[in-house]
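Reviewing the structure listed below.
If you're wondering where the values come from, they're calculated on a predicted model, not measured in any experiment. No hydrogens, no waters, no symmetry mates; every other heavy atom, side chains included, goes into these values.
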Amino acid sequence: MSYPNYGPSPYGPPPQTHPNGTTILVLGILSLVVCGLLGPFAWVMGNKALREIDGSGYYFENRGMVQAGRICGIVSTCLWAAMIAFYVVIFLVAGGLAVFSNH
């Protein structure tokens, strides 16, 4: 049995799903939990996906997932950079103490 064609829906086109939404969210979460090096990838991919979503004009049902993955990537990248800066400062202070203790 076939249904008659009533034309387009009065509510607009059905919502779409961005194909990288789940990937971005998983990378963002993994960057916080497992490996901070994944943070920049989630951040960059999230920025690109949000530009695509905003430029398309369609409603994407997983925009929140993309934003959450992007934010997790930003937080992970900032934590990773702060950790590296902390270790650099510690090594510089330890090296400075070693130099001054020889005199």
Side-chain angles (χ1 to χ4, degrees):
M1 172 178 203
S2 65
Y3 294 100
N5 184 6
Y6 293 113
S9 170
Y11 303 108
Q16 295 181 355
T17 302
H18 194 278
N20 291 335
T22 304
T23 305
I24 294 166
L25 182 63
V26 168
L27 282 175
I29 292 172
L30 287 176
S31 72
L32 285 173
V33 177
V34 178
C35 179
L37 292 175
L38 297 175
F41 296 106
W43 189 356
V44 170
M45 287 178 67
N47 285 338
K48 181 181 175 191
L50 286 176
R51 277 194 305 271
E52 291 172 359
I53 289 171
D54 292 339
S56 70
Y58 290 106
Y59 173 73
F60 282 83
E61 61 187 1
N62 64 343
R63 181 184 171 90
M65 287 175 39
V66 172
Q67 286 179 330
R70 178 179 163 262
I71 291 170
C72 288
I74 291 170
V75 169
S76 173
T77 302
C78 291
L79 288 173
W80 189 59
M83 182 184 66
I84 289 175
F86 176 75
Y87 283 123
V88 167
V89 168
I90 292 297
F91 286 131
L92 289 176
V93 168
L97 290 176
V99 167
F100 289 121
S101 67
N102 289 337
H103 292 296

Using modelled atom types only, decide if a donor and an acceptor are shared between the side chain of S76 and the backbone of S31 within a distance under 3.5 Å. yes

Ignoring hydrogens, what is the shortest heavy-atom contact between A42 and G28? Give both atom names and the distance. CB-N, 3.7 Å

Looking at CZ of F60 and CD of Q16, how far apart are the two atoms once the value is rounded to the nearest 0.5 Å? 4.5 Å

Tell me, please, which residues at least two apart from V33 pass side-chain contact (heavy atoms from CB on, under 4.5 Å). I29

Which residue pairs pass the salt bridge (charged side-chain N to carboxylate O under 4.0 Å, His left out) test when at least one of the two sits in residues 59-69, sequence neighbours left out? D54-R63

According to side chain to side chain donor-acceptor pair (under 3.5 Å), does anything in residues 77-92 pair up with another residue at least two apart or in another chain? List the pairs. none

Treating Ile, Leu, Val, Met, Phe, Trp and Tyr as nodes and any side-chain heavy-atom pair under 4.5 angstrom as an edge, say whether V44 and L38 lie in one connected cluster. no

Passes side chain to side chain contact (heavy atoms under 4.5 Å, CB included), L25 versus V66? Steps please. CA-CA 6 Å; L25 182 63; V66 172; over 6 Å; no

Does the pair M65 and I24 meet the rule for a side chain to side chain contact (heavy atoms under 4.5 Å, CB included), with working shown? CA-CA 8 Å; M65 287 175 39; I24 294 166; over 6 Å; no

Show which residues join W43 in its hydrophobic cluster (side-chain heavy-atom contacts under 4.5 Å, direct or indirect), or state none. I74

Sequence neighbours excluded, which residues qualify as side-chain hydrogen bond (donor to acceptor under 3.5 Å, both in side chains) partners of E52? H18

Distance in Å, L32 CG paired with L79 CG, rounded so as to fall on 0.5 Å steps: 7.0 Å

Show which side-chain atoms of residues 89-100 pair as donor or acceptor with protein atoms under 3.5 Å away, not counting sequence neighbours.
none

When rounded to the nearest 0.5 angstrom, what is the spacing between CG in N20 and CG in L27? 9.5 Å

